[in-house]
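Notes to accompany the following structure.
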Amino acid sequence: MNLELEIEIVRARFRESRCHHVVLPELVTEDRAAPMRAHVDEIGFEPFYEPDRGRYEINRGLAAPELFEELRELVASIVGHPVQVGPAHWLRLRHRDYSLIKGDAKTRVADGEHVEVTLDFSARATGQAEIVYTDGGQAWVVVQDPGSVAIVERDTWMYRYERYLDHRVADGSIYRLRLALL
C-alpha cells in the first residue's frame with residue numbers, strides 16, 4: 001500500500017466520528033523511545049499533586065524541535081490543514097497517579113480549538129492509565145499502548161482524564177508527550 005493511500009485511510013478514520021480523533025499504533029519504536037525516556041528522566045520532572053485535579057510528574061520546559069516538527073507534519077497531513085507547533089509537556093505516571101477532568105480544565109496544553117497529540121513512549125503496556133476524552137455526549141478511550149500516537153481535535157467543550165494506576169502497575173512508569181498543534 002502506498003503512503004498517500006495510507007494517509008487517506010487514516011484521514012477518513014480521523015473524520016468519521018463527531019469528535020475527530022485517531023490513534024496510530026506502533027509509530028515509535030522502542031529503539032527511539034528508550035533514549036527519549038532516559039533524556040527526560042535526566043532533565044527531570046516536577047511532582048504535581050492536588051487531590052481534586054491529579055497526581056503525576058510533569059516537565060513543561062523540555063523542547064524537542066525535531067520530534068515536534070515530525071509530529072506537526074504527520075498531523076497536518078491527517079487533519080488536512082496547516083498546523084503550528086504550540087505548547088508541550090512531558091508526563092510520567094506511576095502507581096497511584098491520575099489526572100481528572102478538573103485538572104484538564106485548568107492546565108490543558110492549549111485553550112480553544114487545537115489538535116492535541118499524545119505520544120506514549122513507555123517501555124511497556126500496563127493495562128492502565130487509559131486516556132478518556134469526553135464532550136459530555138460521547139466518550140472514548142485511548143488505551144495505554146507504547147509507541148502509539150493519539151491525535152484528537154479539541155475545543156473548550158472537550159475534556160480529558162487519565163485513569164488511576166493501581167497496584168498492578170507495580171514499578172512501571174508511563175511516559176507521555178502531550179503537544180498542542182494550533
Side-chain angles (χ1 to χ4, degrees), residues 19 21-64 67-68 71 86-111 114-136 138-154 156-181:
C19 300
H21 64 282
V22 68
V23 178
L24 306 174
E26 301 175 3
L27 205 62
V28 176
T29 65
E30 176 58 18
D31 289 344
R32 188 165 182 199
M36 290 170 61
R37 287 190 304 274
H39 182 64
V40 74
D41 278 341
E42 182 181 319
I43 301 296
F45 292 91
E46 292 185 21
F48 177 86
Y49 182 49
E50 290 188 26
D52 66 338
R53 291 175 54 197
R55 175 187 154 146
Y56 48 84
E57 296 170 289
I58 189 165
N59 179 313
R60 291 184 178 94
L62 180 61
L67 175 61
F68 294 175
L71 290 169
H89 62 241
W90 306 77
L91 297 168
R92 182 171 58 195
L93 297 102
R94 304 176 196 219
H95 177 221
R96 296 190 178 121
D97 286 353
Y98 61 94
S99 177
L100 299 176
I101 286 176
K102 184 176 179 182
D104 177 53
K106 291 187 175 190
T107 60
R108 60 178 52 192
V109 178
D111 289 324
H114 66 283
V115 178
E116 182 175 275
V117 179
T118 302
L119 165 62
D120 186 320
F121 60 106
S122 308
R124 65 180 176 88
T126 64
Q128 299 189 37
E130 300 94 343
I131 305 169
V132 180
Y133 288 92
T134 183
D135 67 353
Q138 286 184 341
W140 71 92
V141 175
V142 176
V143 298
Q144 190 266 316
D145 183 20
S148 68
V149 174
I151 301 168
V152 178
E153 200 170 70
R154 292 196 66 188
T156 54
W157 44 263
M158 183 174 297
Y159 293 95
R160 162 186 28 81
Y161 65 92
E162 293 167 85
R163 291 184 176 154
Y164 180 80
L165 281 77
D166 69 22
H167 67 283
R168 293 174 291 178
V169 76
D171 64 348
S173 293
I174 294 168
Y175 290 83
R176 291 183 173 139
L177 163 65
R178 187 150 293 131
L179 172 66
L181 297 172

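Keep in mind that what you see is a predicted model, and the values were worked out from it rather than measured. Side chains are part of it too, since the values below use all heavy atoms of this structure and drop only hydrogens, waters and symmetry mates.
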Notebook entry, point to check: When you measure from the side chain of His89 to the backbone N and O of Pro87, does any donor-acceptor pair fall under 3.5 Å?
Noted result: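 Answer holds: no.
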Next item on the list: Please confirm whether the backbone N or O of Leu62 pairs with a side-chain atom of Trp90, one donor and one acceptor, at under 3.5 Å?
Entry: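 Yes; judged by distance alone, with no hydrogens or angles, the pair exists.
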Item checked: Check: Asp120/Gln144 side-chain N/O donor and acceptor closer than 3.5 Å ->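 Yes.
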Check: Any luck finding a side-chain donor-acceptor pair between Tyr175 and Asp41 under 3.5 Å?
Finding: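 A donor-acceptor contact under 3.5 Å links the two side chains.
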Margin query: Evaluate Arg92 against Arg94 for side-chain contact (heavy atoms from CB on, under 4.5 Å), listing each step before the verdict.
Written below: CA-CA 7 Å; Arg92 182 171 58 195; Arg94 304 176 196 219; 2.6 Å; yes
Margin query: side-chain contact (heavy atoms from CB on, under 4.5 Å), that's the test. Do Leu91 and Glu162 meet it? Break it down for me.
Written below: CA-CA 11 Å; Leu91 297 168; Glu162 293 167 85; 4.0 Å; yes
Checklist line | Basic-acidic side-chain contact under 4.0 Å: Asp52, Lys106 | finding: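 Looking at Asp52 and Lys106, the cut-off is not met.
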Next item on the list: Starting at CD of Glu30, measure out to OG of Ser122 and round the result to the nearest 0.5 Å.
Entry: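 Going from CD on Glu30 over to OG on Ser122, the span is 9.5 Å.
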Notebook entry, point to check: Hey, what do you get for CZ (Phe121) to CD1 (Ile174), rounding to the nearest 0.5 Å?
Noted result: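 It is 11.5 Å, given to the nearest 0.5 Å.
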Note to self: Would you say CZ of Arg124 has more than 12 non-hydrogen atoms from neighbouring residues, nucleotides or ligands within 6.0 angstrom?
What the structure shows: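 Atom CZ in Arg124 is packed in, count exceeds 12.
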Next item on the list: Please lay out, stage by stage, how Val142 and His21 fare under the test side-chain contact (heavy atoms from CB on, under 4.5 Å).
Entry: CA-CA 10 Å; Val142 176; His21 64 282; 5.9 Å; no
Note to self: Just to verify, what does Tyr161 make a ring-ring contact (aromatic ring centres under 6.0 Å, His included) with, not counting sequence neighbours?
What the structure shows: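 Scan of Tyr161 (ring-ring contact (aromatic ring centres under 6.0 Å, His included), adjacent residues dropped) gives none.
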Margin query: Under the rule for side chain to side chain contact (heavy atoms under 4.5 Å, CB included), what residues qualify as partners of Asp166, not counting sequence neighbours?
Written below: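 Result, side chain to side chain contact (heavy atoms under 4.5 Å, CB included) vs Asp166: Gln128, Tyr164, Arg168.
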Next item on the list: Begin with the C-alpha distance, continue with both residues' side-chain angles, and end with the deciding distance and a verdict on salt bridge (Lys or Arg N to Asp or Glu O under 4.0 Å) for Glu116 and Arg160.
Entry: CA-CA 11 Å; Glu116 182 175 275; Arg160 162 186 28 81; 3.0 Å; yes
Next item on the list: Apply the test side-chain contact (heavy atoms from CB on, under 4.5 Å) to residues Arg55 and Tyr98: give CA-CA distance (whole Å), side-chain angles for both, the deciding distance (0.1 Å), then the verdict.
Entry: CA-CA 5 Å; Arg55 175 187 154 146; Tyr98 61 94; 3.8 Å; yes
Item checked: Heavy-atom check, side chain of Leu179 versus side chain of Leu119, under 4.5 Å ->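 Answer no - side chains too far apart.
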Item checked: Student check: side-chain heavy atoms of Trp140 and Val23 closer than 4.5 Å ->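 Side-chain contact under 4.5 Å: no.
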Margin query: For residues 139-153, which residue pairs pass the salt bridge (Lys or Arg N to Asp or Glu O under 4.0 Å) check, not counting sequence neighbours?
Written below: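 Pairs touching residues 139-153 that pass the test: Arg15-Glu153.
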